[in-house]
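This is the structure I want to talk about, given as structure tokens.
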Amino acid sequence: LDESHYHDEL
Amino acid sequence: MNIFRLAGDMTHLVSVLVLLLKIHTIKSCAGISLKTQELYALVFTTRYLDLFTDYISLYNTVMKLIFLGSSFSIVWYIRRHKIVRRSYDKDQDTFRHYFIVLPCLVLALLIHHKFTFKEVMWTFSLYLEAVAILPQLVLLQRTRNIDNLTGQYVFLLGAYRALYILNWIYRHYTEPHYVHWITWIAGIVQTLLYADFFYYYFQSWKNNVKLQLPA
């Protein structure tokens with residue numbers, strides 16, 4: 001998946 | 001950060017603090033499912049594995065520590081506290097953990113964004129959180145008596161995820177490639193699970209009667 005797949009949510 | 005997500009996090013924070021405060025002040029966990037609380041501790045543990053590796057913001061780190069600390073404190077109170085544990089109704093709170101944990105683990109191994117340990121654990125925590133409330137809802141159906149704080153606790157827990165859905169819609173339209181369909185599906189399933197509880201909660205609130213769930 002593209003790198004925008006970040007876990008910035010709780 | 002958008003208003004929906006902040007409201008969601010605050011609602012979630014209040015829900016766990018309301019529960020912790022209730023248990024701490026009246027020294028009772030009547031009506032609370034230990035199973036659900038243990039599942040939430042597992043949700044936070046598997047979701048926040050990146051707590052010490054990826055720093056996102058002070059807010060993010062502080063909130064993770066609060067959620068981890070409060071969920072483990074609640075489990076400790078119900079399991080270990082000499083007074084609180086006496087009010088735990090273990091004969092009624094019989095939901096089997098593995099009926100929930102195993103399917104979520106298998107599903108996370110099958111459906112995930114990336115097959116890495118952290119990513120599978122994170123996906124597992126999403127699926128687990130969606131169904132972790134089930135033991136609590138089963139217990140409420142069985143004991144049928146819902147004291148105000150427990151009703152508020154479950155209501156706030158459902159409301160937080162509903163606010164997160166608004167947050168995902170907002171981010172989908174404001175951020176390019178913001179694609180998290182696994183999160184969205186798990187979040188929608190979770191909120192739907194609360195739907196019938198919401199219905200009875202509003203009925204009791206509107207008619208100003210004690211909250212009763214049908215058997």
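Values reported hereafter were calculated over all heavy atoms of this structure, with side chains retained and with hydrogens, waters and symmetry mates removed. Residue numbering restarts at 1 for every chain, and letters A, B, ... go by the order of the sequence lines.
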More than 12 heavy atoms of other residues, nucleotides or ligands under 6.0 Å from NE2 of B:His24: yes or no?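 12 or below, so no.
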Under a plain distance cut-off of 3.5 Å, with no hydrogens placed, do B:Asn167 and A:Glu9 share a side-chain donor-acceptor pair? yes
Side chain to side chain contact (heavy atoms under 4.5 Å, CB included) for B:Lys64 and A:Leu10? Distances and angles first, verdict last. CA-CA 7 Å; B:Lys64 284 176 177 176; A:Leu10 290 171; 3.7 Å; yes
Please state whether the side chain, the backbone, both or neither of B:Asn60 comes within less than 4.5 Å of a heavy atom of chain A.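 Contact with chain A: backbone and side chain both.
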Interchain contact, B:Phe44 with chain A, by part (heavy-atom threshold 4.5 Å): neither
Kindly compute the distance separating NE2 (A:His7) from CD (B:Glu119), expressed to the nearest 0.5 Å.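 Going from NE2 on A:His7 over to CD on B:Glu119, the span is 3.5 Å.
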State whether the number of non-hydrogen atoms from other residues, nucleotides or ligands found under 6.0 Å of B:Trp76 atom CH2 is greater than 12.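 Yes, the 6.0 Å shell around CH2 holds more than 12 heavy atoms from other groups.
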Exceeds 12 heavy-atom contacts within 6.0 angstrom, atom OH of B:Tyr173: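 Check fails, neighbour count at 12 or below.
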Are more than 12 heavy atoms, taken from residues, nucleotides or ligands other than B:Phe198, located less than 6.0 Å from that residue's CZ atom? yes
